[in-house]
Amino acid sequence: MQVLADHILRVRAANPGPLTLSGTNSYLVGRDPAWLIDPGPSLPDHVDALLAAIAQRGGLGGIAITHEHSDHREALAVMRARTGSPPVAGAGPGADVQLADGTRFGPLLALATPGHADGHFAFLCEDVCFSGDAILGEGSVFIAPQAGALAAYLAALRRLASLEIALICPGHGEPITEPRAKIAEYIAHREERERKLVAALGAGLRAPGALLDAAWSDVPQQLRSAAALSLTAHLHKLLEEGRLPAEIEPDLPLRELRQ
Ligand SMILES: [Zn+2]
């Protein structure tokens, strides 16, 4: 557990991995009551740590979910059952409050940040942004392999960059104390991937594996299937912009590259 500011406590789950980095971060905001952002994975030690911190902070006002991936929401049912069934805000089927951009939930303001997952939300509390997997403490995120996802993601990043944010508390990794620089780095990273992909297409490469090797050459083998998701998202964006060679089918890479 780490106190990040007077009113913010981070509780990190012991589920480290290539996609979860050092583990999923759950956050408690405020006291009397506290509000929980992402219950995290259903690991007994993690749940116990959250319950102890919630008890110290005067109970739980509600649970907010950034997105529906299991490493962020798996412990929802047990946390809810053991904290007196406070309201849940999210974009999934179990939510009492269905989030939309601008929804207020206790001290939190929901910001639609699609891209990594459909129905992904960040939460703003004063000048602190809880970014879920839209922005991570290190590395980049993978983008959902569907039409519109990357364009929507870039728009969400640009909007975040326009807000007065002093601290980003990500779903994985360490807090980000220079939000504007990090968001600019994220946008530049996607532009760089696109440049490499367009160059590979221009050089006549067509096989998904060859495109992946050309534009994601730095990605370790264990993240190759995640990179294939992002490749698909990039191909969709080029298609939407009329820049994809006609013989390429953007949804092909996943079938060929999943291992
Ligand atoms: Zn995650």
Side-chain angles (χ1 to χ4, degrees), residues 1-2 4 8-29 35-43 45-47 49-50 63-79 88-95 99 108 110-124 128-146 149-150 152-153 156-157 160 167-176 179 182-183 185-186 189-190 216 219-220 222-230 232-233 254 258:
M1 280 195 248
Q2 188 182 356
L4 299 180
I8 301 169
L9 181 75
R10 180 184 70 196
V11 182
R12 176 171 290 161
N15 62 334
L19 293 173
T20 56
L21 307 178
S22 49
T24 300
N25 294 324
S26 297
Y27 294 97
L28 286 168
V29 181
W35 297 74
L36 172 60
I37 298 169
D38 284 352
S42 196
L43 299 172
D45 286 353
H46 183 64
V47 169
L50 283 174
I63 303 173
I65 309 281
T66 58
H67 62 299
E68 291 294 309
H69 292 170
S70 66
D71 59 317
H72 295 260
R73 63 106 65 210
E74 190 183 40
L76 176 61
V78 60
M79 284 304 300
V88 174
L99 292 174
L108 308 174
L111 300 174
T113 45
H116 173 73
D118 233 8
H120 186 292
F121 286 84
F123 297 100
L124 211 54
V128 178
C129 177
F130 299 89
S131 61
D133 285 1
I135 301 170
L136 302 183
E138 58 181 276
S140 64
V141 304
F142 73 81
I143 310 298
Q146 59 203 36
L150 180 54
Y153 179 64
L157 287 180
L160 287 178
L167 182 72
I168 294 176
C169 295
H172 307 275
E174 293 301 309
I176 296 153
K182 176 61 89 175
I183 294 168
E185 178 191 313
Y186 261 53
H189 174 73
R190 299 264 66 106
W216 276 263
V219 167
Q222 56 189 1
L223 288 176
R224 191 172 164 85
S225 49
L229 300 178
S230 295
T232 304
L254 287 183
R258 192 169 276 150

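Along the sequence shown, residues are numbered consecutively beginning with 1. Note that the coordinates shown come from a computational prediction; the quantities given were computed from them, not determined experimentally. For ligands, and for the atoms within them, numbers begin at 1 and follow the listed sequence.
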Query raised in the report: Of all heavy-atom pairs between Ser230 and Ile143, which one has the smallest distance, and what is that distance?
Result: OG-N, 3.1 Å
Report task. Please find the N/O/S atom of Asp71 nearest to the Zn ion (ligand 1) and write down its name. Result -> OD2
Query raised in the report: So, do Phe121 and His67 have ring centers that fall under 6.0 Å from each other?
Result: no
Requested in this report: Step through it carefully: locate the ring centre of His120, locate the ring centre of His69, and say whether they are under 6.0 Å apart.
Outcome: no
Requested in this report: Only one of His72, Arg12, Glu174 passes side chain to side chain donor-acceptor pair (under 3.5 Å) with Asn25; say which it is.
Outcome: Arg12
**Report entry** Under 2.8 Å: N/O/S of His172 next to the Zn ion (ligand 1)
**Finding:** yes
Report task. Would you mind naming the N, O or S atom of Asp133 nearest to the Zn ion (ligand 1)? Result -> OD2
Requested in this report: Have a look at His72 and say which of its N, O or S atoms is nearest the Zn ion (ligand 1).
Outcome: NE2
